[in-house]
Amino acid sequence: QVQLVESGGGSVQAGGSLTLSCAASGYIASSNCMAWFRQAPGKEREGVAAIFIHGGSTHYADSVKGRFTISQDNAKNTVYLQMNSLKSEDTAMYYCAADLRSRYGGGWWEGHLYNYWGQGTQVTVS
């Protein structure tokens, strides 16, 4: 009933661009926060970017700041991750997460604080 569905992954050359989409259905569409995480084989999951839905505040990992942009389309209940100047280090499975369990909205980078997750979409940069 409540779902997050990612799309837009694929293979690109270094320096190229991709835009990922996360479509939310059900109550999750009104979540306080939605975020993108990624995980490469043998590496820890890391928070990439987050957006607080009502206020529009955005946050980014240092590794992607200036290259990635997170945004929302309220009409379509969708969050996007626009990725530019892609590097081989960006290769990973990218996951959408929603509904941050945090008293003051902090800890967006902590994956265990989110209630809902999508199945992921693969991004490969060569």
Side-chain angles (χ1 to χ4, degrees):
Q1 187 172 354
V2 177
Q3 287 188 294
L4 301 176
V5 180
E6 303 100 331
S7 62
S11 298
V12 298
Q13 298 286 328
S17 299
L18 281 175
T19 298
L20 307 183
S21 300
C22 176
S25 63
Y27 178 75
I28 198 63
S30 298
S31 176
N32 63 334
C33 180
M34 297 185 70
W36 288 96
F37 287 76
R38 67 185 182 186
Q39 186 168 27
K43 298 183 179 180
E44 296 181 349
R45 179 180 60 190
E46 65 173 334
V48 176
I51 183 167
F52 285 82
I53 302 302
H54 301 299
S57 177
T58 59
H59 304 273
Y60 299 91
D62 289 340
S63 59
V64 307
K65 191 175 182 64
R67 299 188 297 120
F68 291 11
T69 302
I70 188 170
S71 61
Q72 63 189 67
D73 184 335
N74 292 324
K76 293 185 176 295
N77 296 323
T78 301
V79 172
Y80 303 94
L81 184 68
Q82 182 177 319
M83 305 183 293
N84 298 324
S85 301
L86 284 163
K87 307 174 181 179
S88 60
E89 306 94 276
D90 297 317
T91 295
M93 282 289 294
Y94 283 71
Y95 299 90
C96 180
D99 199 13
L100 179 68
R101 290 180 281 106
S102 176
R103 182 183 296 272
Y104 303 111
W108 68 266
W109 59 91
E110 297 284 352
H112 68 276
L113 295 178
Y114 290 85
N115 283 322
Y116 304 104
W117 291 84
Q119 293 300 306
T121 185
Q122 177 69 38
V123 172
T124 302
V125 184
S126 61

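Starting from 1, each residue takes its place in the sequence as its number.
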Exercise. Can you name the nearest heavy-atom pair linking Tyr116 to Leu4, along with the distance?
Worked result: O-CD1, 3.6 Å
For this session: Could you check Asp90 against Met83 for side-chain contact (heavy atoms from CB on, under 4.5 Å), going step by step and ending with a plain yes or no?
Result: CA-CA 9 Å; Asp90 297 317; Met83 305 183 293; 6.0 Å; no
Seminar exercise, completed: Nearest heavy-atom approach of Leu100 to Cys33 is CB-CB, 3.9 Å
Problem set entry | Shortest non-hydrogen separation from Leu81 to Val48 and the atoms involved | CD2-CG1, 4.3 Å
For this session: Work out which heavy atom in Gly47 is nearest to a heavy atom in Ala61; give both atom names and the distance.
Result: O-CB, 3.4 Å
For this session: Please list, chain by chain and in numerical order, all residues satisfying side-chain contact (heavy atoms from CB on, under 4.5 Å) with Ser21, sequence neighbours excluded.
Result: Ser7, Thr78, Tyr80
Exercise. Looking at residues at least two apart in the chain, or sitting in another chain, which of them share a side-chain contact (heavy atoms from CB on, under 4.5 Å) with Ser17?
Worked result: Asn84
Seminar exercise, completed: When rounded to the nearest 0.5 Å, the distance separating CZ of Arg38 from CE of Met93 is 13.5 Å
Exercise. Between Glu6 (side chain) and Gln119 (backbone), is there a donor-acceptor pair under 3.5 Å?
Worked result: yes
Exercise. Are the side chains of Glu46 and Ser63 in touch, meaning some heavy atoms are under 4.5 Å apart?
Worked result: yes
Seminar exercise, completed: Across all chains, not counting sequence neighbours, the ring pair (Phe, Tyr, Trp, His ring centres under 6.0 Å) partners of Phe37 are Tyr114, Trp117
For this session: Drop me the distance from Asp99's CG to Asn32's CG, to the nearest 0.5 angstrom.
Result: 5.5 Å
Seminar exercise, completed: Rounded to the nearest 0.5 angstrom, the NZ-OG1 distance for Lys65 and Thr58 is 7.5 Å
Exercise. Which residue pairs pass the disulfide bond (SG atoms under 2.5 Å apart) test with at least one member in residues 57-90, sequence neighbours excluded?
Worked result: none
Exercise. How long is the gap from CZ on Arg101 to CG on Asn115, to the nearest 0.5 Å?
Worked result: 4.5 Å
Seminar exercise, completed: Taking every heavy atom of Tyr95 against every heavy atom of Gly120, the minimum-distance pair comes out as CD2-CA, 3.6 Å
Problem set entry | side-chain contact (heavy atoms from CB on, under 4.5 Å) partners for Val12, two or more places apart | Leu18, Leu86, Val125
Seminar exercise, completed: Closest heavy-atom pair, Arg67 versus Ser85, reported as atoms and distance to 0.1 Å, is NH1-O, 3.0 Å
Seminar exercise, completed: Here the disulfide bond (SG atoms under 2.5 Å apart) pairs for residues 89-126, sequence neighbours left out, are Cys22-Cys96
For this session: With rounding to the nearest 0.5 Å, note down the distance linking CH2 in Trp108 to CG in Leu113.
Result: 12.0 Å
